[in-house]
Amino acid sequence: MEDVTYILSAIESGRATTADLLPLVYHELRRMASSRMQNEKPGHTLQPTALVHEAFLRLVGTNDVADGTAATWQNRRHFFGAAAIAMQRILVDEARKKKQLQHGGDRMQVQLSDVDVAQPTAADDVDLIALNEALQELESSDPNKAELVRLRYFAGLNEQEVALALNISRATASRWWTFARAWLFEKLRTTED
């Protein structure tokens, strides 16, 4: 991933465009999206490829094409952190859209072939809108742990990858993850009551 750091600095200095970045990060962004989409409810209309493309478009915008300016990122961590936030926002927007009455948010979608064997999954229990609000509250008190949650939950990075991205030890990443999960669980539980 040295190439990513090089391209990011080249973009900042004007020697490269954001279009040069996509081929280098596409597979990692696709892996992040696939990992995250595995936790979504069955029948989700947004596919990992579409999530990657939408996130990348949000990251680079149309600045590059329109006026020659480009979004800049400080380093690899900053870029993938921004990608995790973009994926989070896209998924939360999708969840909000599905909840709206005009989009059938008050109706439960049921596949006829699954009627007899439908079992709730862990993803069914997660309200992305409530999670997003709790995550914003966590961010106001502890931005590092909120960033870790975004990278783990929305970007699908594992403990070691998060430790590298945040430049912390794996043990610290594990402690932060344990704390953040417990904090979010308690916050979401009290929100439901």
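Only a predicted model underlies this, so the values are computations on that prediction, with no experimental measurement involved.
- Rounding to the nearest 0.5 angstrom, the gap separating the NZ atom in Lys187 from the CG atom in Leu131 is 12.5 Å.
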Please step through side-chain contact (heavy atoms from CB on, under 4.5 Å) for the pair Val162 and Trp177, ending with a clear verdict. CA-CA 10 Å; Val162 168; Trp177 178 240; over 6 Å; no
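- Side-chain contact check for Gln88 versus Tyr153: every heavy-atom pair is 4.5 Å or farther apart.
- Going from atom CG of Leu91 over to atom CZ of Arg96 covers 12.0 Å, rounded to the nearest 0.5 Å.
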Apply side-chain contact (heavy atoms from CB on, under 4.5 Å) to the pair Glu28 and Phe80, showing each step before the final yes or no. CA-CA 9 Å; Glu28 187 156 351; Phe80 284 104; 3.9 Å; yes
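- The two residues Ala55 and Ile90 make their nearest non-hydrogen contact at N-CD1, 3.4 Å.
- Between Phe79 and Phe56, the ring planes lie perpendicular to each other; the angle is over 60°, past the 30° to 60° tilted range.
- The local environment of CZ in Phe185 is sparse, with at most 12 non-hydrogen atoms from other residues, nucleotides or ligands closer than 6.0 Å.
- Glu147 and Arg150 are not joined by a salt bridge, as no carboxylate oxygen comes within less than 4.0 angstrom of a charged side-chain nitrogen.
- Residues passing the side chain to side chain donor-acceptor pair (under 3.5 Å) test with Arg152, sequence neighbours excluded: none.
- Considering only heavy atoms from C-beta on, Leu166 stays 4.5 Å or farther from Asn144 through its side chain.
- Using a 4.5 Å cut-off on side-chain heavy atoms (C-beta onward), Leu148 and Phe179 make no contact.
- Note: Thr49 OG1 to Tyr26 OH = 4.0 Å, rounded to the nearest 0.5 Å.
- Counted by atom type alone, Ser34 and Arg30 present one or more donor-acceptor pairs between their side chains at under 3.5 Å.
- Residues passing the side chain to side chain contact (heavy atoms under 4.5 Å, CB included) test with Thr172, sequence neighbours excluded: Ile168, Ser169, Arg175, Trp176.
- Rounded to the nearest 0.5 Å, atoms CG (Leu164) and CG (Asn158) are 9.0 Å apart.
- Between Trp183 and Asp142 there is no side-chain heavy-atom pair separated by less than 4.5 Å.
- Between atom CG of residue Leu188 and atom CG of residue Leu135 there is a gap of 9.5 Å, rounded to the nearest 0.5 Å.
- With sequence neighbours excluded, the residues that form a side chain to side chain donor-acceptor pair (under 3.5 Å) with Asp93 are Arg58.
- For Arg170 and Glu161, the salt-bridge test fails: no basic side-chain N is under 4.0 Å from an acidic carboxylate O.
- Residues Leu29 and Met87 are in side-chain contact: their nearest non-hydrogen atoms beyond the backbone lie under 4.5 Å apart.
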Worked check of side-chain contact (heavy atoms from CB on, under 4.5 Å) between Leu128 and Phe154: CA-CA 11 Å; Leu128 283 177; Phe154 289 101; 4.1 Å; yes
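- Of all the heavy atoms in Gly81 and Leu151, the pair that sits closest is CA-CD2, 4.1 Å.
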